[in-house]
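In what follows, a single structure is set out as structure tokens and then discussed.
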Amino acid sequence: MSGVFDGEPSVIVITCSAGIGHFLADEVRELGFRVAWESSCAVETEGTLADCMTLNMKLRTAHRVLYTLDRFRARNANNLYNSLVEIPWERYIQPDGYFSVDRTVENTTILDTRYASLKVKDAVVDRLRGKFGRRPDSGNERDQACLFLHWVDDRASIYIDTTGESLSFRGYRLESSDAPMRESLAAALVKATGWNGRTNFLNPMCGGGTIAIEALWIAQNRAPALTRENFAFMHLACYEPSLWTKVKADAVKAYEPDKTIPCEIIASDIDPRMVEATLANAQAAGAEGRIRCEVADVAMSSVPETTERGVILVNPPYGDRMGDPMLLRDTYADIGVFLEDNASSYDGFIFTGSPEIAEIAGIVAEDRGSFYSGRIECRLLANPALTPDARAMYRRRSSK
Ligand SMILES: C[S@@+](CC[C@H](N)C(=O)[O-])C[C@H]1O[C@@H](n2cnc3c(N)ncnc32)[C@H](O)[C@@H]1O
């Protein structure tokens, strides 16, 4: 007999950071789901709550997996409450449990969006108190059952947030770098380079090593949430642990920790503290000894010979967060020379929040689109090459 978890399919909305929706859509399709709609920061598909478990386990570029409970029209807070109180909350929220409500609200009758969350809480609590004579607690902690309200104009959608804390926190980042990148973004960048997991992957300027660790996990087919112990779906009244045990067993079976990867993954940084951080993070990620970590200036970093084209992905410091743009020009020039020198056997990529510094340094490249690291808009520059003038200038400088 099927329970609520593998019962009714519904619309599932999966969120991600702005700019990587396209990579998320690819992942969703690869897992066998149909993509009904996608934007730069979300993808819509259809499935059951049990499918949400699989999506939570396997998606590398996602942040949250939202299962739609209802969509309805609501002009004001009373309309909202009246529709919400009809939802059979007893199926989802435990009368003695705890839940939180997050929201996106743009409705002219609502001056403080917290009021909309309060209406959701009231509807859930009133319904459960009516049924059981007891009521759940609610608050802002996201480590138990989570609901999400999306209400724009008079269109409201209420979701079960099956994830809780964002999927981008994998749990391996013990040591932070100066400008740590979210794990989900790092995974999207590895995918954006087209790396196939079988050729060398070099990550100079590695900081805390996030990009190299995500590359290794892709090569090993390691599900990103393999060791995560808490998801919001585990706190639902209808949770069926046996279904999760199966999702987990499948992920354990697919993971190939001892697979001999026919390539090298190298992470290097000029700052020894960053290399230490990468080593510590790699150990926490079960990647100890699988990533070569080196202290090196980008210009001197190791480039093993390769028969199949490899990938070099560099995430240099950028102006507004990490220093004076003009002082960084020479660093970018070094990156340009380094990538150009190795272009016969490696595809080069620069991920930066200051593409103008690359331009000032005389680098020309294909622009592979806009991504967001926090609030900073960044670009992925592919196949960078130096203008003839810049090349002549840097060669002259290095021969002095
Ligand atoms: C934007 S951070 C990289 C952040 C990284 N993606 C992460 O998620 O942690 C840039 C890194 O470049 C390093 N760096 C700066 N100049 C360098 C150089 N000339 N050669 C090698 N690394 C350099 C810094 O130490 C810093 O760790």
Side-chain angles (χ1 to χ4, degrees), residues 17 20 60-61 168-193 195 201-217 224 265-282 284-285 287 291-303 311-339 341-342 348-355 357-358 361 363 371-381 394 397-398:
S17 79
I20 65 175
R60 297 181 194 281
T61 57
S168 70
F169 297 106
R170 312 276 203 245
Y172 60 69
R173 221 154 58 187
L174 308 176
E175 298 290 334
S176 188
S177 61
D178 292 340
M181 175 183 287
R182 284 184 120 174
E183 293 88 322
S184 48
L185 174 60
L189 291 175
V190 174
K191 284 174 181 288
T193 66
W195 186 58
F201 186 95
L202 316 183
N203 179 213
M205 303 184 142
C206 66
T210 319
I211 293 173
I213 292 170
E214 290 297 319
L216 179 73
W217 278 17
I265 298 178
I266 306 179
S268 60
D269 199 286
I270 199 167
D271 183 342
R273 288 172 312 141
M274 290 299 110
V275 176
E276 284 300 317
T278 297
L279 281 165
N281 292 341
I291 296 172
R292 201 164 116 194
C293 299
E294 298 179 346
V295 177
D297 186 298
V298 62
M300 307 299 288
S301 41
S302 299
V303 184
V311 167
I312 306 177
L313 172 56
V314 190
N315 172 212
Y318 29 89
D320 50 350
R321 196 148 47 148
M322 303 184 72
D324 182 330
M326 289 318 288
L327 292 177
L328 287 173
R329 189 189 65 168
D330 286 352
T331 305
Y332 277 61
D334 286 346
I335 297 169
V337 172
F338 172 74
L339 293 179
D341 284 352
N342 292 294
F349 297 87
I350 304 173
F351 180 73
T352 177
S354 299
I357 307 179
I363 293 172
F371 299 76
Y372 279 82
S373 187
R375 274 204 286 269
I376 301 173
E377 187 183 8
C378 299
R379 320 290 308 187
L380 181 64
L381 308 177
Y394 300 139
R397 198 180 59 185
S398 59

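When a ligand or atom number is given, it counts from 1 through the structure's own listing order. The model shown is predicted, which means the values in this text are computed figures rather than measured ones.
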- Note on the structure: Result for side chain to side chain contact (heavy atoms under 4.5 Å, CB included) between Leu339 and one of Ile312, Leu381, Ile363 points to Ile312
Indicate yes or no: at least one non-hydrogen side-chain atom of [X] is less than 4.5 angstrom from one of [Y].
{"X": "Glu294", "Y": "Ser302", "value": "yes"}
{"X": "Glu214", "Y": "Lys191", "value": "no"}
{"X": "Arg379", "Y": "Phe371", "value": "no"}
{"X": "Val190", "Y": "Ile211", "value": "yes"}

- Item | Any Cys206 heavy atom less than 4.0 Å to ligand 1 | yes
- Message: Does the residue Ala296 have a heavy-atom contact with ligand 1, meaning some pair of atoms that are separated by less than 4.0 Å?
- Response: yes
- Query: At what distance, to the nearest 0.5 angstrom, does CZ of Phe349 lie from CG of Leu380?
  - Reply: 6.5 Å
- Task: Measure the spacing between CD1 of Ile350 and CE of Met205 and express it to the nearest 0.5 Å.
- Result: 9.5 Å
- Task: Report, as yes or no, whether the 6.0 Å neighbourhood of atom CZ on Arg273 holds more than 12 heavy atoms from other residues, nucleotides or ligands.
- Result: no
Can you confirm, on distance only, whether ligand 1 has an N/O atom lying under 3.5 Å from any N/O atom belonging to [X]?
{"X": "Thr331", "result": "no"}
{"X": "Tyr318", "result": "no"}
{"X": "Asp269", "result": "yes"}
{"X": "Ile270", "result": "yes"}
{"X": "Met274", "result": "no"}

- atom 21 (C) of ligand 1: of Asp271, Val298, Ile213, Asp330, the nearest heavy atom sits on Val298
- Message: I want to confirm something. Looking only at heavy atoms, which of Thr278, Leu328, Asn315, Asp334 is nearest to atom 1 (C) of ligand 1?
- Response: Asn315
Contacting atoms of ligand 1, where contact means under 4.0 angstrom from a heavy atom of [X]:
{"X": "Met181", "value": "7 (C), 8 (O)"}
{"X": "Gly208", "value": "7 (C), 9 (O)"}
{"X": "Pro317", "value": "10 (C), 12 (O), 15 (C)"}

- Under the ring pair (Phe, Tyr, Trp, His ring centres under 6.0 Å) test, residues paired with Tyr172 that sit two or more places apart: Trp217
- Item | Proximity of Pro316 to ligand 1 by residue part, where a heavy atom lies under 4.0 Å | backbone
